[in-house]
Amino acid sequence: MIAMPLTAQPQPPGPTASQEPMTCFVIGPIGNRHAEVGTTARESYESSLETFEKVVRPACAALGIEPLRSDQIQQAGEITEQICRHVLQSDIVIADVTGGNANVMYELGLRHTTGRLTIHIGEHGRLPFDISPIRTILFERSRSGLVDARKELQDALDRGLREGCAPLTPARILLGLRPREDVAPADDSGAATEDGPGLLDRFAAVEVEMDLMTQGLETMTELVNTIASLAEEFGPDMKRATAQGSPPSAALATARRFATALDSPAAELKACAADVTSRMSGIDSTVHASLDMFETAPQLWEGTEARDFLLQLIGMSRASREGLETLRLFRMMMEWLTTMSRDLRAPGRDIISALDLLTEAMARVETWDRRARALV
């Protein structure tokens with residue numbers, strides 16, 4: 001007898017030995033398995049269990065994923081907290097939106113703020129209107145309908161794991177993201193084809209922007225000091241030129257020299273203030289989104305990096321607070337200078353505009369400080 005060579009059987013792409021297992025949480029109408037037969041609660045339980053066993057579980061198993069429902073959680077503790085943790089932290093969430101169950105909609109709303117892979121499935125004709133624009137795997141509750149749904153879900157999971165997902169509107173708003181024109185639209189499988197940055201990516205980007213903004217603030221401080229030195233330098237000349245008995249032409253000539261000396265640092269100060277303000281407006285929403293996540297899910301952000309971020313916010317506020325009073329007094333002096341000569345108006349207005357922008361930026365930093373201190 002000739003021995004035939006053995007052919008290796010294909011294995012589902014599960015996690016390697018060095019990787020953490022992929023977590024998948026399934027949210028959907030649970031019903032009540034102990035309710036009487038024929039009641040709405042019992043029918044809801046039977047339908048959701050059929051969807052889980054004939055669609056979700058086999059689709060996940062083909063990819064080496066073990067799905068978990070809330071009624072399968074065995075750890076001791078508050079069930080509401082456990083569900084929220086799974087909804088927020090799981091790598092994948094599969095949401096059965098059949099019938100628009102209120103608990104499901106609440107949990108799905110939480111999940112949509114994370115920007116993580118989330119796939120909707122639902123029985124045809126029973127899709128909630130509020131989420132009907134979002135891609136959903138629709139199925140009919142028949143033998144062939146459930147088989148087709150399983151195949152579509154498996155394809156959606158495979159595509160989502162390989163290509164990532166584009167954050168939905170709640171996540172984009174919370175994370176300070178803008179819709180990307182280069183993101184391809186999702187197909188009918190319910191999984192998008194691009195993966196936008198997550199909160200940790202935004203976290204790192206914000207820290208870089210903060211460093212650049214801090215450098216801008218330091219440059220502005222140097223320019224303000226330069227302008228103050230010029231004012232101190234021309235002060236005695238202005239005083240002599242405006243003394244009683246001095247001709248007006250002498251004061252005007254001094255004002256023109258002072259204005260010429262102010263032109264360059266004033267313009268540079270205005271440009272630097274515009275850059276700082278632009279960076280501030282770009283990161284303010286993300287900073288608040290980060291702080292929101294600290295407040296609502298602090299367990300997600302425990303660690304040295306998170307604390308360093310909070311301390312950085314507090315340090316920026318301390319530095320800005322020390323300069324606010326100086327800026328206020330300096331602005332008053334600039335307002336007085338603009339009344340002295342027409343030549344001083346242009347650089348004076350540039351300086352005043354820059355100081356107002358800087359004051360606005362510092363006010364935002366103060367808001368960060370209050371929230372960061374409450375968390376630290």
Side-chain angles (χ1 to χ4, degrees), residues 12-15 20-31 44-73 79 82-124 126-128 130-141 145-168 170-171 186-193 195:
E20 291 292 331
M22 189 74 65
T23 56
C24 175
F25 191 60
V26 180
I27 60 178
I30 299 300
S44 178
Y45 171 76
E46 298 290 349
S47 296
S48 64
L49 183 62
E50 181 181 41
T51 303
F52 181 78
E53 293 294 341
K54 295 184 179 181
V55 178
V56 176
R57 188 189 290 280
C60 290
L63 299 172
I65 301 169
E66 181 63 35
L68 176 72
R69 294 203 330 168
S70 61
D71 58 350
Q72 297 173 329
I73 298 175
I79 186 64
Q82 293 172 338
I83 290 175
C84 286
R85 286 179 182 272
H86 283 290
V87 168
L88 292 169
Q89 298 176 3
S90 294
D91 299 308
I92 308 164
V93 160
I94 299 172
D96 181 359
V97 297
T98 301
N101 178 274
N103 289 336
V104 173
M105 294 299 101
Y106 172 76
E107 294 162 9
L108 187 59
L110 287 178
R111 178 66 179 187
H112 281 177
T113 65
T114 67
R116 296 183 174 187
L117 179 58
T118 307
I119 301 176
H120 298 185
I121 63 175
E123 189 173 349
H124 186 76
R126 301 186 61 192
L127 189 67
D130 288 346
I131 62 169
S132 58
I134 302 175
R135 296 293 186 185
T136 302
I137 297 173
L138 297 177
F139 63 89
E140 294 181 356
R141 196 166 294 280
L146 295 174
V147 170
D148 290 341
R150 174 184 58 76
K151 294 178 180 178
E152 288 188 48
L153 178 57
Q154 181 178 334
D155 290 342
L157 285 168
D158 181 57
R159 186 179 296 108
L161 292 175
R162 285 187 289 103
E163 302 175 356
C165 63
L168 296 174
D187 61 18
D188 290 336
S189 67
T193 59
D195 184 16

Q. Is there a donor-acceptor pair closer than 3.5 Å between any side-chain N or O of Ser48 and the backbone N or O of Pro29?
A. yes

Q.
Strictly distance-based, threshold 3.5 Å: is any side-chain N or O of Glu50 a donor or acceptor partner for the main-chain N or O of Ser47?
A. no

Q | Side chain Thr118, main chain Arg116, donor-acceptor under 3.5 Å | A | yes

Q: For Leu157 and Leu63, work out which heavy atoms get closest and say how close.
A: CB-CD1, 3.5 Å

Q | Donor-acceptor contact below 3.5 Å, side chain Arg111 vs main chain Ala95 | A | no

**Q.** Heavy-atom closest contact (Leu110 atom, Leu88 atom, distance)
**A.** O-CD2, 3.9 Å

Q.
On a heavy-atom basis, which atom in Gln72 and which in Pro67 lie closest, and how many Å separate them?
A. OE1-O, 3.9 Å

(Q) Can you see whether Ser90 engages Arg85 through a side-chain donor-acceptor pair at a distance of less than 3.5 angstrom? (A) no

Q | Step-by-step salt bridge (charged side-chain N to carboxylate O under 4.0 Å, His left out) determination, Asp158 to Arg162 | A | CA-CA 6 Å; Asp158 181 57; Arg162 285 187 289 103; 3.0 Å; yes

Q.
Show, in sequence, the C-alpha distance, side-chain angles and deciding distance for Ile92 and Ile65, and conclude whether the side chain to side chain contact (heavy atoms under 4.5 Å, CB included) test is met.
A. CA-CA 10 Å; Ile92 308 164; Ile65 301 169; 3.8 Å; yes

Q.
Donor-acceptor pair, distance only, cut-off 3.5 Å: does the side chain of Asp91 make one with the backbone of Thr23?
A. yes

Q. How about Glu53: does its CD atom have over 12 heavy atoms from other parts shown lying under 6.0 Å from it?
A. yes

Q: Please name the pair of heavy atoms, one in Asp96 and one in Val104, separated by the smallest distance, quoted to 0.1 Å.
A: O-CG1, 3.7 Å

Q | Ring-face cation contact, Phe52 with Arg57, 6.0 Å cut, 45° max | A | no

